[in-house]
Amino acid sequence: MCGIVGYIGPREACPILLKGLHRLEYRGYDSAGVALINNNGNLSVYKSKGKVADLENHINDKDISGTIGVAHTRWATHGEPNTTNAHPHYSQSGDLALIHNGIIENYKPLKQEMMNQGRTFQSETDTEVLIQFIEYIKEEQGCDLFTAVQLALKNVIGAYAIVVIDKSNPDRLIAARKGSPLVIGIGENEFYIGSDATPLIEYTNKVIYLGEEEIAMMTRKGDLQVVNLENVAQTPLVKTLEMNLSDIEKGGFPHYMLKEIFEQPDALLNSMKGRLNTEEKDVLLSAIINHRDRIMKAERVIICACGTSWHAGLIGKYIIEELTRIPVEVEYSSEFRYRNPVITDKDLVIAISQSGETADTLAAIQLAKDKGAFLYGICNVVGSSIPRATDTGSYLHIGPEIGVASTKAFTAQVTTLMLIAMAIAKEKQTISKEYFHQLVDELQSIPEKIRRILELNDKVAKYSKIFTYARNFIYLGRGYNYPIALEGALKLKEISYIHAEGYPSAEMKHGPIALIDEEMPVVVIAPAHSKYEKILSNVQEIKARKGKIISIITEGDTAIKELSDIYFEIPSTIDCFTPLLTIVPLQLISYYIAIAKGRDVDQPRNLAKSVTVE
Ligand code: AGP
């Protein structure tokens with residue numbers, strides 16, 4: 001969602017800020033803006049609806065001098081996406097400018113209070129209310145900006161990551177956060193700020209993740225002061241970023257999404273590194289080793305997630321139940337948090353989130369924590385909110401995922417869930433040693449099998465074009481591949497804007513079969529496994545109604561292959577690992593249909609990479 005960049009130091013700020021905004025474009029946004037304290041002492045705010053490129057055109061002939069500034073990409077929440085509502089927002093006097101991620105929930109009474117004080121508002125945003133409120137406190141109390149920000153935030157309900165600049169003090173940048181992440185990059189007498197690390201990475205690898213309800217003041221001399229809302233000094237922990245610049249560039253691919261699909265073999269190897277030991281035939285997860293008793297005592301697992309991460313969770317349910325015999329429930333975080341669920345201290349709650357910032361999942365785990373459950377996070381973004389809010393967890397270790405449509409994070413989440421299931425099953429001895437060893441060996445071979453599937457790229461590109469006419473798609477899968485039907489359909493919807501639905505194959509005859517005619521493409525996920533014959537019957541039912549059959553089958557299959565209009569073959573594997581293979585052609589199908597339809601696959605309309613509002 002919204003993106004934040006800030007800079008103070010000896011260099012020209014504007015090029016750094018704009019480059020940072022480009023780095024954050026993947027998060028999804030609808031307008032952009034920049035504020036600079038110019039060399040002549042003016043505070044200039046430039047904003048524009050649309051892309052960062054539109055902002056760049058807009059400021060072409062403007063004064064963009066200055067060595068301190070803030071910039072923002074906005075994903076509209078309060079007020080439509082237009083230039084007025086875009087950030088940064090000025091205070092009434094025009095002396096202060098603020099950028100903000102998150103939502104100020106009590107902005108209405110605050111706005112009324114400010115209006116009663118004679119303040120006027122240009123925009124419909126909650127953000128403008130906050131900067132007016134900060135200035136009001138500063139003037140009323142006669143305090144400095146740092147204190148005014150603290151006092152204002154003590155009266156704010158909601159989530160925020162903010163950065164403020166003050167025309168009368170161009171040697172100081174103030175930032176604060178609660179609920180929304182903020183990263184401070186430390187250079188030589190300079191500071192960079194980002195809503196995530198991507199805008200900072202080419203300048204420094206020394207970073208501080210600002211903590212909840214912390215406020216930081218950075219000066220041009222290189223001083224950094226961090227306090228909490230009670231003005232108690234905090235000692236920030238300086239961390240070293242593990243990302244490289246190449247991780248956030250396209251590396252010769254036309255889109256991040258395609259790059260990330262192709263990165264999957266290496267991504268999964270990285271996720272398994274140090275965890276899957278093929279020599280010793282073992283699975284070692286530090287989270288489970290360090291919290292062995294608590295995890296082994298769990299009488300139930302509850303998985304909370306949203307979107308693609310929820311689909312990974314559903315596969316997690318199948319494998320955890322199959323291998324460990326512990327009952328598993330999979331919950332949409334947004335439903336779980338509001339429906340007064342039964343949670344006890346015997347529950348193990350697994351929160352899955354690529355970004356680690358999804359507001360609903362954060363709220364769901366907070367609820368589970370309050371009820372005494374043990375919390376395990378599976379996240380990709382290091383230092384994000386969910387890993388910090390959980391008792392333990394496993395990072396995916398796959399590098400940044402920039403494409404809005406999640407691909408490599410999904411397969412890595414599924415892999416991590418498989419490792420967790422295997423580790424618990426081994427400990428509880430719920431599967432035989434022989435089967436455990438077979439699982440270890442087979443999981444190790446999955447990245448290479450994905451590499452082979454990626455060789456289908458040209459075939460997928462060629463045949464996907466045929467389906468640009470379609471207004472609807474059906475995806476069918478059984479057992480471990482039912483969640484893949486859901487995920488395949490979601491991928492297509494997200495980036496091609498074609499309506500698609502996933503169903504368990506056998507459900508087709510309970511309704512969706514009415515939709516099948518000669519125009520309807522039906523994607524059948526049918527790897528060879530114990531229920532193959534059942535899926536074959538479903539395929540025959542589709543064929544009898546002239547549906548267009550696109551099948552994902554195991555090499556050597558003949559029956560479904562003959563009934564299919566188009567088929568894509570995958571190598572064989574153990575049933576529970578098939579989702580890691582069957583999803584790959586589906587990701588490619590979505591990508592190439594979207595490309596053929598001329599869609600913006602990396603930044604599809606209305607979507608955001610990290611959904612930090614509910
Ligand atoms: C994935 O393609 C989607 N963009 C979306 O469903 C995503 O998985 C969901 O918003 C959850 O995000 P998270 O994994 O960062 O929590």
Side-chain angles (χ1 to χ4, degrees), residues 1 26-29 75 179-181 195-196 198 255-258 260-261 264 267 303-316 330-337 349-366 376-390 393-396 398-414 416-417 475 483-484 486-497 500 502 583-584 586-591 594 599-614:
M1 288 189 152
Y26 77 94
R27 292 167 70 102
Y29 69 105
W75 189 87
S180 278
S195 41
D196 65 39
T198 51
H255 296 94
Y256 285 111
M257 183 180 174
L258 192 62
E260 287 157 6
I261 291 172
Q264 289 178 109
I303 298 177
C304 292
C306 306
T308 287
S309 299
W310 188 89
H311 297 153
L314 202 51
I315 298 170
V330 189
E331 299 273 357
Y332 287 112
S333 304
S334 53
E335 288 295 313
F336 184 76
R337 64 181 289 194
V349 171
I350 302 181
I352 309 175
S353 173
Q354 186 287 131
S355 62
E357 298 295 345
T358 299
D360 283 322
T361 304
L362 256 175
I365 58 175
Q366 192 52 56
Y376 193 124
I378 299 178
C379 297
N380 188 34
V381 179
V382 176
S384 55
S385 301
I386 293 173
R388 295 199 285 173
T390 40
S394 304
Y395 279 118
L396 301 180
I398 57 167
E401 186 179 69
I402 311 265
V404 164
S406 186
T407 53
K408 65 175 179 174
F410 173 73
T411 42
Q413 288 165 342
V414 173
T416 306
L417 286 159
Y475 285 70
I484 294 300
L486 299 179
E487 175 59 9
L490 180 67
K491 284 287 88 80
L492 187 71
K493 275 185 275 208
E494 280 188 295
I495 58 168
S496 73
Y497 318 148
I583 189 59
V584 180
L586 301 189
Q587 294 168 341
L588 288 171
I589 289 171
S590 305
Y591 174 79
R599 306 301 193 212
D600 184 351
V601 289
D602 281 337
Q603 293 162 43
R605 69 183 181 202
N606 305 336
L607 293 181
K609 184 66 183 163
S610 118
V611 184
T612 49
V613 296
E614 59 170 296

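Read the numbers this way: they start at 1 and go in the same order the structure lists the ligands and their atoms.
Considering only non-hydrogen protein atoms, atom 10 (O) of ligand 1 sits nearest to Val611 CG2, 3.8 Å. The protein non-hydrogen atom at the shortest distance from atom 16 (O) of ligand 1 is Thr358 OG1, 2.4 Å. Of the protein's non-hydrogen atoms, Glu494 OE2, 2.9 Å is the one closest to atom 3 (C) of ligand 1. Closest to atom 9 (C) of ligand 1, if we only count protein heavy atoms, is Cys306 O, 3.7 Å. With hydrogens left out, the protein atom closest to atom 15 (O) of ligand 1 is Ser355 OG, 2.6 Å, a heavy atom.
Atoms of ligand 1 lying under 4.0 Å from any heavy atom of Thr308, numbered from 1 in the order shown and given with element: 1 (C), 2 (O), 6 (O), 8 (O). Interface of Ser406 with ligand 1, defined as ligand atoms under 4.0 Å from a residue heavy atom, comprises 1 (C), 2 (O). Each of the following atoms of ligand 1 lies closer than 4.0 Å to a heavy atom of Ser309: 8 (O), 13 (P), 14 (O). Of all atoms in ligand 1, numbered sequentially from 1 with element shown, those under 4.0 Å from a heavy atom of Ser353 are 13 (P), 14 (O), 15 (O), 16 (O).
Side-chain contact between Tyr26 and Thr198: present, with at least one pair of heavy atoms (C-beta onward) separated by less than 4.5 Å. Side-chain atoms of Val349 and Thr390, non-hydrogen and from C-beta on, never get closer than 4.5 Å to each other. When side chains are defined from C-beta on, Met257 counts as touching Ile261, because their heavy atoms get closer than 4.5 Å. Side-chain atoms of Lys491 and Phe410, non-hydrogen and from C-beta on, never get closer than 4.5 Å to each other.
In the model, Glu487 has a side-chain atom that pairs as donor or acceptor with a side-chain atom of Thr308 under 3.5 Å. Side chains of Ser406 and Glu401: a donor on one and an acceptor on the other come within 3.5 Å.
The shortest N or O to N or O distance between Ala405 and ligand 1 is not under 3.5 Å. Residue Gln413 has no N or O atom closer than 3.5 Å to an N or O atom of ligand 1. Taking distance alone, with nitrogen or oxygen atoms compared against 3.5 Å, Lys609 stays at or beyond that limit from ligand 1.
Annotation for Cys306 and Thr361: closest pair SG-OG1, 3.5 Å, computed over non-hydrogen atoms. Nearest approach of Ala594 to Ile495, heavy atoms of both residues: CB-O, 3.3 Å.
Note: Tyr332 and Trp310 have parallel aromatic rings, judged against thresholds of 30 and 60 degrees for the angle between ring planes.
Under a 4.0 Å heavy-atom criterion, Val404 is in contact with ligand 1. Using a 4.0 angstrom heavy-atom cutoff, Lys491 counts as in contact with ligand 1.
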